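Everything below concerns the one structure shown next.
All figures in this text were calculated on a predicted structure; none of them were measured in a lab.
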Amino acid sequence: MRRNTVLVVVVVLTLVTSGTAGFAAGAAPTGGTTAASLSAGAAPSAAAVSGTAPVQALVRGSPELLVSTPDGTLTPGRTNELTLQISNDGDMDVGTAQTRGVVTTARNVRMTADAGGTPLTIETETLAIGSVIEDRPTEATLAVNVPERVERGTYDIDVELAYSYTRQQDGGITYDKEDTVDTEVEVRITDDARFEIVNVTTDARIGGEGTLEAQIENVGGEAARDATVVFESASSGLAFGGRASDAARINELAPGENATVTYDVAFTPGAPVREYALDGSVRFETPEGLERADQSISAGVVPGPEQEFSVANVESDLYVGEEGEITGTVTNDGPVEARNVVVQFGGGSANVIPIETSVAVGTLAPGESGEFRLPVEIGEEAKAIDRTADLAVQYRNAEFEARAYQDLELLYEVQPDREQFELAVEDREVEAGGQRSLEVTVTNNLDEPVENVEARLFADSPLDSGDDEGFVAELEPGESTTLTFDLSASGSATAKTYPVSFDFRYDDADGNSQLSDTTRIPITVIEGEGGFPVGLGLGALAVVVVVSAGAYVLRRR
């Protein structure tokens, strides 16, 4: 029993020590692959030869590239963009799912196409595509020139793909190869509808909005149904209703027939007057109900020069706390007639209140000017400073479409507040204990006529007025009139200056009732003639009486 056990152990040890290489080779499903069985001329890496690299599992395989096109339809008479898809259906002979990509990835893929033997011409040189993996196809675009009079039918384009890949990895040793794939892609020249832009016009000007009209013609051999014509602007200076593109629809367009599509467009203020490029495409259905697209149409459009206006001779009669006007002239600087011109005032401050925000000027020919008056009220809290306000000009063009020009600014002056009525009094004295008529010259200090002027005098003790009101039916700007008031001073008044106040209730030029600011003037109280000194007290009066009586007695004696 013990001899058998020893014999088994010896046999196992012998197999282990002498068959290590055999076990390693036997790991491959193909029966073992050694360096001698690899491709001739392939050199292992130095790390593998020295034995320092970690032992890696064997993986062997190769990519398999395929070329197809999602739409091989080409249109005669233009250079078409032909999209090719390169897919990879790789093959792995030995390996795991984790190592599959090592041998199935095609690296540094280059594509070359040739249409030799056909009337077609490939305009694209060799394309470098990069790596193509199994999970995701890669697209490449060829420019294919198709003559106008080419015979309709199918043609083959030769495509060559050159690439490199890893054929095998084993134990840290990598073996790379290069390969090529020669294949064909079939394209079809159809007589489907195709389109050309015959003419593009616009009535829009720089800085304004308008309409763009494009005349499109079906130059193909079949009708197009449910056609959607899309135009896209390649410049920030041109927009379609606030967007970069817009679409219009045509129900049907027969061969040789044309139709006009219309779009709303706007050009940025200050943009140059030049031709603006439009990229277009038409998606349509064939008579058989197949969807097609012509994405190679393009056009250009030139806007008109910007309609401009200028403002001059700006004046104002504005005072803090009052209504007034800003006046000036607006000139149509061209290039075309502007109908029904309206000047709009933008305000610019909470203390500046436009009574009317716009005023009509009328129709202005190029170079013609018109006057405008903008009524404005200045708040009582406003500062007397120079001010600016935005000014816009609205008008209608020859087609009676509304347009606007907004690049204008007003500079106007606001003056300090003022008395609505100036008062002048030549004789400002009144005797203590006396009464007199006070004549006051009233001048209309406003820039407009006033009516129904009611004046009132206010006096505090020791002054008083028995007749404190006056009335004037009308005063023109700068006109004066004299009003008379009763004024008296008490007998106990001290000889000095006292104020009296006036205010005025009146109707302005618009018929609105207004109340003026209060105006004060000084009145001087003087001693009465032949009377006792003003302010003499009772004690002093008694002394005078006693002294006078004593003097009389002495004279009698």
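Relative ring orientation between Tyr263 and Phe231 is described as perpendicular, the plane-to-plane angle rising above 60° on a 0-90° scale split at 30° and 60°.
Put simply, the side chain of Thr327 does not reach to within 4.5 Å of the side chain of Asp317, judged on heavy atoms. Side-chain contact between Thr497 and Val525 is absent, with no heavy atoms from C-beta onward closer than 4.5 Å. Looking at heavy atoms from C-beta onward, Pro354 lies out of side-chain contact with Pro375 at the 4.5 angstrom threshold. The side-chain heavy atoms of Thr484 and Leu438, taken from C-beta on, include no pair separated by under 4.5 Å. Contact of the Glu306 side chain with the Arg205 side chain is not registered, since no non-hydrogen atoms from C-beta on lie closer than 4.5 Å.
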Subject >> Candidate pair Phe458 and Asp503, rule side chain to side chain contact (heavy atoms under 4.5 Å, CB included), full reasoning >> reply: CA-CA 9 Å; Phe458 298 90; Asp503 67 19; 3.6 Å; yes

**OP:** Would you please test Glu285 and Arg225 for salt bridge (charged side-chain N to carboxylate O under 4.0 Å, His left out) and show each step?
**Re:** CA-CA 5 Å; Glu285 287 186 0; Arg225 297 175 180 173; over 6 Å; no

**OP:** Test salt bridge (charged side-chain N to carboxylate O under 4.0 Å, His left out) on Glu196 and Arg78 and set out the steps.
**Re:** CA-CA 11 Å; Glu196 289 183 359; Arg78 65 185 57 175; 5.2 Å; no

Original post:
Going through the checks in order, is the side chain to side chain contact (heavy atoms under 4.5 Å, CB included) test met by Ile129 and Glu139?
Top reply: CA-CA 8 Å; Ile129 298 174; Glu139 288 189 350; over 6 Å; no

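No salt bridge links Arg456 with Glu454; every basic N to acidic carboxylate O contact stays at or beyond 4.0 Å. We find that Asp226 and Arg249 are joined by a salt bridge, their nearest charged nitrogen and carboxylate oxygen being less than 4.0 Å apart. We find that Asp427 and Arg436 are joined by a salt bridge, their nearest charged nitrogen and carboxylate oxygen being less than 4.0 Å apart. Under a 4.0 Å N-O distance rule, the pair Arg403/Glu401 qualifies as a salt bridge.
In this structure, the side chain of Asn332 does not engage the main chain of Gly367 through any donor-acceptor pair within 3.5 Å. Using a distance-only test at 3.5 Å, with no hydrogens or angles considered, a donor-acceptor pair links the side chain of Asn445 to the main chain of Glu419.
At most 12 heavy atoms of other shown residues, nucleotides or ligands fall within 6.0 angstrom of atom CD in Glu439. Within a 6.0 Å radius of CG in Asp460, other residues, nucleotides and ligands contribute 12 heavy atoms or fewer.
A donor-acceptor pair shorter than 3.5 Å can be found between the side chains of Asn258 and Gln215. Checking Thr141 against Glu81 by side-chain atom types alone, no donor-acceptor pair falls below 3.5 Å.
The ring of Phe502 has its center no closer than 6.0 angstrom to the ring center of Phe421.
For the pair Arg274 and Tyr276, the cation-pi criterion (under 6.0 Å, within 45° of the ring axis) is fulfilled. For the pair Arg243 and Phe240, the cation-pi criterion (under 6.0 Å, within 45° of the ring axis) is not fulfilled.
Expressed to the nearest 0.5 Å, how far OG1 of Thr73 lies from CG of Asp294 amounts to 11.5 Å. In this structure, the separation between CD on Glu322 and CG on Asp508 is 11.0 Å, given to the nearest 0.5 Å.
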